[in-house]
Number of protein chains: 2
Amino acid sequence: MPDDPWQPPRILLAVDLVILTLRDARLHVLLVERGIDPFLGALALPGGFLRDEHEDLEAAARRELLEEAGLSDVHLESLAVYGEPGRDPRGRVVAVAYLAIAPRMPEPVAGTDAADASWTPVDDALAPGAKLAFDHRRIVIDGVERARVKLERTALATAFCAESFTISELQQVYEAVWGVRLDPRNFYRKVQGARGFIVADGPMRKTPNGRPARLFRAGPVHVLNPPMTRP
Amino acid sequence: MPDDPWQPPRILLAVDLVILTLRDARLHVLLVERGIDPFLGALALPGGFLRDEHEDLEAAARRELLEEAGLSDVHLESLAVYGEPGRDPRGRVVAVAYLAIAPRMPEPVAGTDAADASWTPVDDALAPGAKLAFDHRRIVIDGVERARVKLERTALATAFCAESFTISELQQVYEAVWGVRLDPRNFYRKVQGARGFIVADGPMRKTPNGRPARLFRAGPVHVLNPPMTRP
DNA sequence: AAAATAGTGTCTATAAGACACTATCAT
DNA sequence: ATGATAGTGTCTTATAGACACTATTTT
C-alpha cells in the first residue's frame, strides 16, 4: 500500500487468446503470423494491448476474438497471467491469457482483419522444433491443460460441438483433447449417465455412413456428476 | 496490436494474497484492516501495488507475504486476475491474486509491518453479513475453491502441515478445506495408497493422548495417483 | 450380402465406503 | 480398568473397462 508520493510503474496490459477447436478429429489452436517488430514473422497467439483504461479485460478478449478470428458467441474464460519482466523486449508487458473454445468451423478464418491467422494442430504448435513468439508456447500448454482438466468435471466438451451433435462427435472431442482412444460403447453409457450433460434434440438424425445417430444438444448442467474419468 | 501512435492506458497493477492456514481444525484466511482511504477500516486481503516496472509479479507476492504476514518459504501459486474497471474507486487497478498456503502457525502474526493482520475463519469471512473490501470476497471464494480442487489430485495438503505430521493431522486438512468428515480408517489406507504422497519420517512419535502416531513428511510426488476423491 | 457406425446387455476387476477388530498410549 | 487415538482386516456396493450382441444404415 503506497502511503507516500509514488510514481506509478509504466506497465502495458495485453490480452492473449488460446482459441481451441477441433478439425479432422485433431485439436487445433489459432495462430497468427506476426506483422510487426518483436518476433516479426513468427507464429503467435492472437491478442493485443488493452485499448484504453476503461476497457474491461474480458471485453478486450472478445474484441480480439472478433477482430482476429471472426468469432463471437464462443466459450471464453480467463486462463492465467504472464508477467515476467523479460517476456517482451518492448518493455513491461503483462499478458492476461484467455481460453476460448470454438465449435467446428466450416471456414478456417474468414477474410477478417488478420487473414494470416490459421488453425494449427496443437501437436505441431508444441513440437520440439516449433517456435512461438514470446512465452506463447507456455500459454498454449497451460490452455490445453486447462481444457483437459475441465473436460473431466464440466460440460466444456459441448463448446467444441455445434448446437446439435451426436455422441460420437462428443467422443471425438474427448479423444482429441485428452489424446487417448475411448471405447464408444462405454463412452455412450458414461455420457448418458451424467444427468443434465446432454439432452435429446428432436427425433432427427444424421447420416455419414452406418446407422443414423440420435442428435443431442448441451444440457442445463455445467458440472458433471459423475465426472468423466480420464484413463 | 498498435500500428499507430498510441497513448498507453494508465493502469495500476496490484498483487493480492489469499493466505490460507489451519487453526483449531478450521480453515482460516489472513485479513488486514485497511488503514487508508478506499474502504478504510474494512477487512481486506493483504496486498499492494507493484513497486516498480521491473518487479516480478511472484516476487511482489512474496514481498507482500513477508511484509504483511511475516511468512516466507510457504507454498505460493498464482490464482487469477481481477480487472473489472469499477473494482477500485481510485482508478483502473488490475489485481493479480495469489494463493498461499501456510503451515500451522504458532503465533497469529508477529510484530510485522501490519500488526493489524489477523487469521479469520473462512466461514466467518464469507458469512452473509461479512463485508470485505473491493471484490475480495470473490477472490477468497476462488482461492478456497482452488485449494479444494487441488487437494484432490495434488499433494497440496502437505503445505498446510509442519515438516513432520501425522496422518490424522493430514486428515484434518482435508476435512477443514473440504468441509466434510472422513472415516479415519479409510483415509489412512487411501493416503498410504497414493505412492509418493507421504513418506515415513523416522521412527519418532507424538503424544496428545491415545496411541502414538507415526510421523510422515511430504513425499517426492506432487500429482496424486490415485487421486483423493471428494465425497 | 459386407462394411460401418449406433446402441444395449453383461461380466469382471477394482475401488470406495462401512465397520469390526486389534494396538498402544494417558488417566 | 476406561477412554482415546492409531492402525489392520474384511465385507458390501458402486464403478470402470472389456467385450458379445443387436440395430440400422450405405455400398
Side-chain angles (χ1 to χ4, degrees), chain A residues 22 24-25 104 151-153 157 161-162 164-176 178-195 197-217 224-231, chain B residues 22 24-25 104 151-153 161-162 164-176 178-195 197-217 223-231:
Chain A
L22 227 65
D24 310 320
R104 188 182 280 281
L151 247 52
E152 294 183 64
R153 299 189 152 271
C161 300
S164 274
F165 52 86
T166 67
I167 288 187
S168 79
E169 282 168 355
L170 192 63
Q171 180 179 345
Q172 280 183 27
V173 174
Y174 278 89
E175 291 184 328
W178 283 351
V180 297
R181 299 287 299 178
L182 300 172
D183 184 300
R185 300 159 293 190
N186 292 335
F187 182 85
Y188 194 97
R189 265 181 299 103
K190 198 76 203 286
V191 157
Q192 296 279 48
R195 285 168 309 212
F197 185 9
I198 57 173
V199 296
D201 189 32
M204 313 161 60
R205 353 199 103 196
K206 251 186 159 181
T207 57
N209 65 339
R211 169 175 173 176
R214 289 155 66 188
L215 286 176
F216 297 85
R217 57 184 210 286
L224 298 189
N225 194 351
M228 305 293 289
T229 49
R230 186 160 24 155
Chain B
L22 227 66
D24 311 318
R104 187 181 281 282
L151 247 51
E152 293 182 66
R153 298 187 153 271
C161 299
S164 275
F165 52 85
T166 67
I167 288 186
S168 80
E169 282 168 355
L170 192 63
Q171 179 179 344
Q172 280 182 26
V173 174
Y174 278 89
E175 291 184 329
W178 282 351
V180 297
R181 299 287 300 177
L182 300 172
D183 184 301
R185 301 159 293 190
N186 292 335
F187 182 84
Y188 195 97
R189 267 182 296 101
K190 197 78 203 285
V191 157
Q192 296 278 47
R195 285 166 311 210
F197 185 8
I198 58 173
V199 296
D201 190 33
M204 310 161 61
R205 355 200 101 197
K206 253 186 157 181
T207 58
N209 65 339
R211 170 175 172 177
R214 288 156 69 189
L215 286 176
F216 296 84
R217 53 184 169 48
V223 177
L224 299 190
N225 195 350
M228 306 291 291
T229 49
R230 189 168 9 162

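Lettering follows sequence order; numbering is per chain, from 1. In this text the structure is predicted, and so the values were computed from the model without any measurement.
The local environment of CZ in B:Arg230 is crowded, with over 12 non-hydrogen atoms from other residues, nucleotides or ligands closer than 6.0 Å.
We find that CD1 of A:Ile198 is positioned 13 Å from P of C:dA6, with the value rounded to whole Å.
Of the possible polar contacts, none joining the B:Arg217 side chain to the B:Phe165 backbone as a donor-acceptor pair under 3.5 Å is found.
Listed in residue order, the members of residues 168-176 of chain B having a heavy atom less than 4.0 Å from DNA chain C come to none. Using a 4.0 Å cut-off on heavy atoms, the residues of residues 178-188 of chain B that approach DNA chain D are B:Arg185, B:Tyr188, listed by number.
Residues forming a side-chain contact (heavy atoms from CB on, under 4.5 Å) with A:Thr229 (at least two apart in sequence, or on another chain): A:Lys190. Judged as a ring-ring contact (aromatic ring centres under 6.0 Å, His included), and not counting sequence neighbours, the contacts of A:Phe187 are A:Tyr174. A:Ser168 pairs by the side-chain contact (heavy atoms from CB on, under 4.5 Å) definition with A:Thr166, not counting sequence neighbours.
If you find the closest nucleotide of DNA chain D to B:Arg189 and to A:Pro226, the one lying nearer the 5' end belongs to B:Arg189.
The two residues A:Glu152 and B:Arg153 make their nearest non-hydrogen contact at OE1-NH2, 3.1 Å. Closest non-hydrogen pair, A:Ala157 versus A:Leu151, comes out as N-CD1, 3.8 Å. Taking both residues in full, the closest heavy atoms of B:Gln171 and B:Asp183 are given as NE2-C, 4.1 Å, listed atom of the first, atom of the second, then distance.
Bounding nucleotides for the chain B contact on DNA chain D, 5' to 3', at a heavy-atom distance below 4.0 Å, are D:dA4 to D:dT10.
Among the nucleotides C:dA16, C:dT5, C:dT24, the one closest to any side-chain atom of B:Lys190 is C:dA16.
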